[in-house]
Asks: 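Sharing a structure here in structure tokens format.
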Amino acid sequence: MEWVGNSGQKNPGEGTMPHALRHPTPPRWTSATRRLVLLLASGLLVLAASAGPASAIPAFARKYKVSCSLCHAPFPRLTEFGGMFAANGFEMAVGEAPVDTVDTGDPWLRLQRNVPLAIRLDAYMTGLVGNSTVEAVDLQTPYLIKLMSGGQIYDGISYYFYFYLAERGEVAGVEDAYVQFTEIGGSPISVMAGQFQVSDPMFKRELRLSYEDYHIYRVRIGEARNDLAYDRGFMVLLPGWSGADFTFQAVNGNGLSDANEERLYDNDRLKNYGLKFNQSVGSSLRLGLYGYYGNEKSDGINDEVVILGPDLTWALTPKWELNAQYLRRTDGNPFFLDSCDPGDFRCDASASNPFRVTTDMAMAELLFFPRGQGERWAVWGLYNFTDADRQAVSLRLGEQDGDPPFISRYQYLATGLGYLLARNLRLTGELGYNFELEAGRAVLGFVAGF
């Protein structure tokens with residue numbers, strides 16, 4: 001049994017139904033919570049005392065023969081240099097002399113000596129607390145296994161992709177997969193084309209420290225397929241004035257749906273567009289604003305979607321960091337109805353026409369590094385909040401199996417502790433509480449990259 005996914009999924013039925021949702025009486029914190037916490041905390045201490053260091057390093061560190069800490073502190077969270085390395089197309093500097101390549105004598109050909117491969121493996125033990133008992137202890141071992149590759153194709157052209165060898169017990173396929181054209185024609189403009197997360201210019205879900213997800217990017221409304229997780233399209237990265245940059249996006253707007261019988265990925269002719277603006281204020285504060293506009297059509301009926309909101313990253317001190325985002329989403333007709341009867345949960349009680357849905361979404365993440373960001377310990381807190389004025393929200397956490405198959409509100413608080421056994425092996429423990437279900441969750445596990 002699992003209650004929260006650790007990464008995006010492209011199927012509307014993602015995840016299994018939470019056990020707590022099937023109880024007529026809401027579960028509550030009890031003394032069982034303390035027993036479960038002690039069990040998981042004891043396991044974490046035993047692992048920290050007994051495990052040895054890992055010997056392998058991921059692909060880019062292996063290629064340049066540097067420590068993983070140059071780009072990740074702690075793993076998998078990116079450092080400032082790691083962000084620049086990715087923006088450079090996975091090079092230390094744009095236009096650098098080729099590293100670890102084969103000399104073919106052909107100036108139009110760049111072949112890497114070895115195809116760069118890396119693996120990420122996550123494994124967890126989770127427990128759900130409710131109704132005066134520990135309801136389930138689940139061994140999610142492994143939770144996911146990713147095969148990752150990235151590097152240069154030619155000067156200023158790079159690629160990145162990963163394949164899920166296993167995700168929650170299934171072969172999930174390819175998610176991130178794109179080609180990047182860096183500083184095209186000597187200009188400061190870069191373009192990414194392929195599959196990526198629409199939310200990447202804000203906060204990268206795959207690089208978070210917490211088991212709990214950034215759920216505001218996973219919100220889907222009604223039967224509409226668009227969200228801010230994975231999609232297909234392109235992103236254009238544009239520099240602005242001092243300390244400012246822009247990212248423009250154009251995507252299909254229906255996630256990673258399979259191609260249809262006509263071999264088309266998009267389920268309509270419409271495209272969705274996003275624009276992200278960032279402004280640095282000094283060396284410790286980044287302010288941002290994101291806007292998204294799209295349309296999705298089904299059976300000739302259109303749902304117009306608008307998403308807008310600010311975000312910030314604030315390095316309060318070298319040891320404290322705050323990340324926060326607020327988004328408001330409005331949908332014109334997310335159930336694609338031309339009419340409906342009063343009393344239908346998809347309509348206003350007093351109206352005979354389809355209704356609009358307004359959804360407020362927010363997340364706040366506080367990070368603390370007791371001995372600095374390059375050291376072993378990390379502490380985090382993550383708060384997720386989603387509130388819609390209709391019962392129309394899907395996070396793909398099991399609510400789609402209910403009646404009706406949607407929720408109107410999600411509110412979750414998680415706090416966790418991480419410890420690096422090695423640069424590329426991190427122990428993690430996390431406690432969380434779902435305010436709507438009055439249910440608790442405890443997690444113990446590890447994340448490894450090699």
Side-chain angles (χ1 to χ4, degrees), residues 2-7 36-54 56-58 61 67-80 82-83 118-127 139-146 203-214 313 315-323 363-384 412-433 440-450:
E2 68 186 17
W3 167 224
V4 171
N6 196 46
S7 66
L36 182 60
V37 171
L38 288 174
L39 171 65
L40 294 176
S42 299
L44 181 60
L45 290 174
V46 169
L47 285 172
S50 62
I57 56 175
S67 170
C68 299
S69 64
L70 189 62
C71 291
H72 300 279
F75 164 78
R77 178 178 175 272
L78 280 180
T79 63
E80 183 178 0
I119 295 173
R120 174 171 169 172
L121 187 153
D122 292 22
Y124 301 100
M125 177 173 70
T126 66
L139 298 178
Q140 302 174 355
T141 52
Y143 188 75
L144 62 85
I145 304 176
K146 293 180 182 180
F203 298 103
K204 297 182 185 295
R205 294 174 54 228
E206 298 297 322
L207 301 180
R208 69 187 186 275
L209 298 180
S210 61
Y211 180 92
E212 170 75 356
D213 209 337
Y214 298 158
T313 292
L316 303 166
T317 72
K319 295 183 179 181
W320 289 90
E321 180 179 303
L322 174 65
N323 300 310
M363 76 95 170
E365 178 184 57
L366 185 62
L367 305 175
F368 174 53
F369 308 97
R371 298 182 179 179
Q373 297 188 22
E375 298 301 319
R376 292 183 183 270
W377 292 98
V379 183
W380 60 86
L382 177 62
Y383 176 70
N384 278 313
Y412 199 99
L413 179 64
T415 182
L417 175 68
Y419 178 78
L420 287 177
L421 294 177
R423 285 296 180 193
N424 53 336
L425 178 59
R426 177 170 58 88
L427 287 179
T428 182
E430 185 171 297
L431 298 174
Y433 185 72
R441 182 189 63 205
V443 179
L444 174 66
F446 67 85
V447 180
F450 45 89

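Fair warning: this is a prediction, and the values are worked out from it, not measured in the lab.
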Asks: When rounded to the nearest 0.5 angstrom, what distance separates CE in Met363 from CD in Glu212?
Replies: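 It is 11.0 Å, given to the nearest 0.5 Å.
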Asks: Can you name the residues that form a salt bridge (charged side-chain N to carboxylate O under 4.0 Å, His left out) with Glu365, not counting sequence neighbours?
Replies: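 Glu365 satisfies salt bridge (charged side-chain N to carboxylate O under 4.0 Å, His left out) with no residue once adjacent residues are dropped.
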Asks: Looking only at heavy atoms, what is the nearest atom pair of Arg205 and Asp213, with distance?
Replies: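 The pair with the smallest heavy-atom distance is NH2-OD2, 2.6 Å.
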Asks: Search all heavy atoms of Ala123 against all heavy atoms of Pro142 and return the closest pair with its distance.
Replies: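 Closest approach of Ala123 to Pro142: CB-CA, 4.2 Å.
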Asks: Kindly write out the residues that satisfy side chain to side chain contact (heavy atoms under 4.5 Å, CB included) with Pro370, not counting sequence neighbours, or none if the list is empty.
Replies: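 In terms of side chain to side chain contact (heavy atoms under 4.5 Å, CB included), with neighbours along the sequence ignored, Pro370 is linked to Phe368, Trp377, Val379.
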Asks: Quick one: list whatever passes ring pair (Phe, Tyr, Trp, His ring centres under 6.0 Å) with Tyr383, sequence neighbours left out.
Replies: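 Here no residue qualifies.
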Asks: Quick one: list whatever passes side-chain hydrogen bond (donor to acceptor under 3.5 Å, both in side chains) with Thr415, sequence neighbours left out.
Replies: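 With neighbours one apart ignored, the set is empty.
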Asks: Apply the side chain to side chain contact (heavy atoms under 4.5 Å, CB included) test between Trp380 and each candidate in Leu366, Leu417, Thr428; give the one that qualifies.
Replies: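 Exactly one candidate clears the test, Thr428.
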Asks: Who pairs with Ala315 by side chain to side chain contact (heavy atoms under 4.5 Å, CB included), at least two apart in sequence or on another chain?
Replies: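 Checked Ala315 against side chain to side chain contact (heavy atoms under 4.5 Å, CB included); matches are Ser284.
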Asks: Quick check: closest heavy atoms across Arg77 and Gln373, and the distance to 0.1 Å?
Replies: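 Scanning both residues, the minimum pair turns out to be NH1-OE1, 3.1 Å.
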Asks: Checking side chain to side chain contact (heavy atoms under 4.5 Å, CB included) between Phe446 and each of Thr141, Leu121, Leu421, Asp122, which is the one that passes?
Replies: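 Considering Thr141, Leu121, Leu421, Asp122, a side chain to side chain contact (heavy atoms under 4.5 Å, CB included) with Phe446 is found only for Leu121.
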Asks: Between Asn384 and Tyr412, is there a donor-acceptor pair closer than 3.5 Å when you use the side chain of the first and the backbone of the second?
Replies: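 The answer is no, because no donor-acceptor pair under 3.5 Å joins these two groups.
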Asks: To the nearest 0.5 Å, what is the distance between OG1 (Thr126) and OH (Tyr143)?
Replies: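 It is 8.5 Å, given to the nearest 0.5 Å.
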Asks: Let's go through Tyr211 and Gln140 carefully: what are the C-alpha distance in whole Å and the side-chain angles of both, what is the deciding distance for side chain to side chain contact (heavy atoms under 4.5 Å, CB included) to 0.1 Å, and is it a yes or a no?
Replies: CA-CA 12 Å; Tyr211 180 92; Gln140 302 174 355; 2.9 Å; yes
Asks: Any donor and acceptor pair, going by atom type alone, linking the side chain of Glu430 with main-chain N or O of Ala414 inside 3.5 Å?
Replies: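 No, because the side chain of Glu430 does not come within donor-acceptor range (under 3.5 Å) of the backbone of Ala414.
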Asks: Using every non-hydrogen atom in the two residues, find where Asn424 and Gly449 come nearest and quote the distance to one decimal.
Replies: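 Shortest heavy-atom contact: ND2-O, 2.6 Å.
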Asks: For Arg376, give me all partners under salt bridge (charged side-chain N to carboxylate O under 4.0 Å, His left out), at least two apart in sequence or on another chain.
Replies: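 For Arg376, no residue satisfies salt bridge (charged side-chain N to carboxylate O under 4.0 Å, His left out) once neighbours in sequence are set aside.
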